Amino acid sequence: MGYDELVAEGLTTPFEGWDFGVFRGRYEERGDADLPWSYPGLVRERLPGAGALLDLGTGGGEVLASLAPLPARTAATEGFAPNVPVARERLEPLGIEVAEVGDDDQLPFAGASFDLVISRHESYDPHEIRRVLRPGGTFVTQQVGGGDLAEVNEALGAPAHGYADWDLRAATDQLTAAGFTVTWQDEARLPAAFHDIGALVLFLRITPWHVPDFSVERYAEPLRALHATMSAGQPLAAHCHRFALVARP
C-alpha cells in the first residue's frame, strides 16, 4: 500500500483492550518474556497471602484474567473509557469489580482495603496506594520508562514526551518519600522496530501521551520521509524502556 492508504488504515483500524496483535509483523518489540524478570511471576508469588487484590489500569482485563485463580475479593480500575466495557465483559463473570476512574490520586475504595495492589504500565499515586493497602500489604508494578521509544520523537522532530524523566530511580525516590520500602527492583531496555508508516500512525493514535500534539497534517513531512525509508526496507529502530519494583509501606 502507498502512503495515503497506510495512514488512513492507521487512523481507522479498531483497537480495544491492550492487545497488540493488530501490529503483528508491522511493529515488533521484545515482549515481557524477554525481560530479566516476570511481572506475572512477581504477582503470583504474592497471591497466596493476599485476601484482596486491586489491579490498576487493567486495560481490557487480559493480564489480570491470566493470573487466575485470584483472591475472593479482586477489583480493577480503568481510566480509558473504551476499555471499560471490554474489561467488564471479561472480568465481571469472574466476580471482579471494574471501576472507571479519572485521577490516579482518587481511587474509589476505602482505606486499608487490599493486601496486594498491582500496576502494569499504569500511572499511580504513591499516597493513594499506601492509603488503600492494608498493614503489611505489597505494591507490585511494572512501568514504561521515560526513555520508551524516544527514537520516534526524534525521528518526527517532536518534543520528548512529558514523562521523559520517569525511570527506576525516580519511582524509587517517590515511593520512599511516601513511606514505602522498595524490596526489589530492576530496569531494562529492549529493541523495537516499526516496519510501516501505518503501524506508526496507529501507535501514536492509541498512545496520545507519546506525542501529545500528533496529527498526520502537523507531522506530514517527517512521516513521508519515514515512509520512504521504511518502504526501502529500513524500519524505524527504537528501544522499549521498562522497569519494575516491589514495595511495602
Side-chain angles (χ1 to χ4, degrees), residues 15-20 32 35 37-144 163 166 171 174-175 178-185 206-207 209 242-249:
F15 187 88
E16 65 179 25
W18 204 241
D19 180 5
F20 269 39
D32 282 6
L35 290 168
W37 65 84
S38 165
Y39 173 77
L42 292 172
V43 175
R44 287 194 178 102
E45 286 176 21
R46 292 155 178 86
L47 283 176
L53 165 69
L54 173 62
D55 181 29
L56 302 178
T58 197
E62 302 92 343
V63 174
L64 181 58
S66 75
L67 297 171
L70 296 165
R73 186 192 179 192
T74 297
T77 66
E78 178 54 32
F80 185 49
N83 282 347
V84 174
V86 179
R88 285 177 174 159
E89 182 177 3
R90 176 175 282 113
L91 298 177
E92 287 183 346
L94 303 177
I96 299 171
E97 171 193 358
V98 178
E100 185 170 4
V101 296
D103 297 326
D104 299 323
D105 59 353
Q106 294 182 346
L107 295 175
F109 303 102
S113 293
F114 301 98
D115 303 294
L116 180 59
V117 176
I118 63 175
S119 167
R120 181 182 180 274
H121 302 178
E122 176 69 8
S123 59
Y124 59 87
D125 182 282
H127 297 284
E128 271 295 271
I129 301 301
R130 187 173 184 185
R131 183 184 69 80
V132 301
L133 273 176
R134 292 171 178 165
T138 303
F139 176 49
V140 178
T141 185
Q142 177 176 299
Q143 291 284 302
V144 176
Y163 61 99
W166 184 235
Q174 188 184 79
L175 284 163
F180 282 84
T181 297
V182 176
T183 60
W184 175 90
Q185 58 184 279
I206 64 175
T207 59
W209 55 86
R242 301 285 184 270
F243 65 87
L245 57 83
V246 177
R248 304 184 74 178

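Bear in mind the structure is a predicted one, so any value in this text is a computation, not a measurement. Along the sequence shown, the residues carry numbers beginning at 1.
- Closest heavy-atom contact between G61 and A87: N-CB, 4.2 Å.
- Q142 and H121 share a side-chain donor-acceptor pair at under 3.5 Å.
- Distance check: T58 OG1 to N83 CG gives 9.0 Å after rounding to the nearest 0.5 Å.
- Counting only residues at least two apart or on different chains, no salt bridge (charged side-chain N to carboxylate O under 4.0 Å, His left out) pair has a member in residues 74-83.
- With sequence neighbours excluded, the residues forming a side-chain contact (heavy atoms from CB on, under 4.5 Å) with V63 are Y39, S66, R120, listed by chain and number.
- Side-chain contact check for L35 versus R242: some heavy-atom pair is nearer than 4.5 Å.
- Taking 4.5 Å as the limit, some side-chain heavy atom of L47 sits within range of a side-chain heavy atom of P71.
- In this structure, the side-chain contact (heavy atoms from CB on, under 4.5 Å) partners of R130, at least two apart in sequence or on a different chain, are F180, P249.
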- Task: Please step through side-chain contact (heavy atoms from CB on, under 4.5 Å) for the pair R131 and L107, ending with a clear verdict.
- Result: CA-CA 9 Å; R131 183 184 69 80; L107 295 175; 4.2 Å; yes
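- To the nearest 0.5 Å, the span separating CZ on F109 from CD on E128 amounts to 10.5 Å.
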- Message: Could you walk me through whether R90 and E62 satisfy the side-chain contact (heavy atoms from CB on, under 4.5 Å) test, starting with their C-alpha distance in whole Å, then the side-chain angles of each, then the deciding distance to 0.1 Å, before giving a yes or no?
- Response: CA-CA 8 Å; R90 176 175 282 113; E62 302 92 343; 3.6 Å; yes
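- Between atom CG of residue D55 and atom OG1 of residue T77 there is a gap of 7.0 Å, rounded to the nearest 0.5 Å.
- You'll find the side chain of P108 stays beyond 4.5 Å of the side chain of E100, heavy atoms only.
- Checked against salt bridge (Lys or Arg N to Asp or Glu O under 4.0 Å), R248 has no partners two or more places apart in sequence or in another chain.
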- Trace of the side-chain contact (heavy atoms from CB on, under 4.5 Å) decision for L133 with L54: CA-CA 9 Å; L133 273 176; L54 173 62; over 6 Å; no
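- Other residues, nucleotides and ligands contribute over 12 non-hydrogen atoms within 6.0 Å of the CD atom of E92.
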- Take V117 and T141, measure what side-chain contact (heavy atoms from CB on, under 4.5 Å) needs, and give me the verdict at the end. CA-CA 8 Å; V117 176; T141 185; over 6 Å; no
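- Proximity of a side-chain donor or acceptor of R88 to a complementary backbone N or O of V98 within less than 3.5 Å is detected.
- By the side-chain contact (heavy atoms from CB on, under 4.5 Å) test, A171 pairs with Y124, W166, F243, L245, sequence neighbours left out.
- To the nearest 0.5 Å, the span separating CZ on F139 from OG on S119 amounts to 5.0 Å.
- By the side-chain contact (heavy atoms from CB on, under 4.5 Å) test, R46 is found to be paired with L42, L116, T138, V140, V246, residues two or more places apart in sequence or in another chain being considered.
- Of the possible polar contacts, none joining the E97 side chain to the A76 backbone as a donor-acceptor pair under 3.5 Å is found.
- Of the possible polar contacts, none joining the D115 side chain to the G137 backbone as a donor-acceptor pair under 3.5 Å is found.
- L64 contributes atom CG, which lies 6.0 Å from atom CG of L53 (distance to the nearest 0.5 angstrom).
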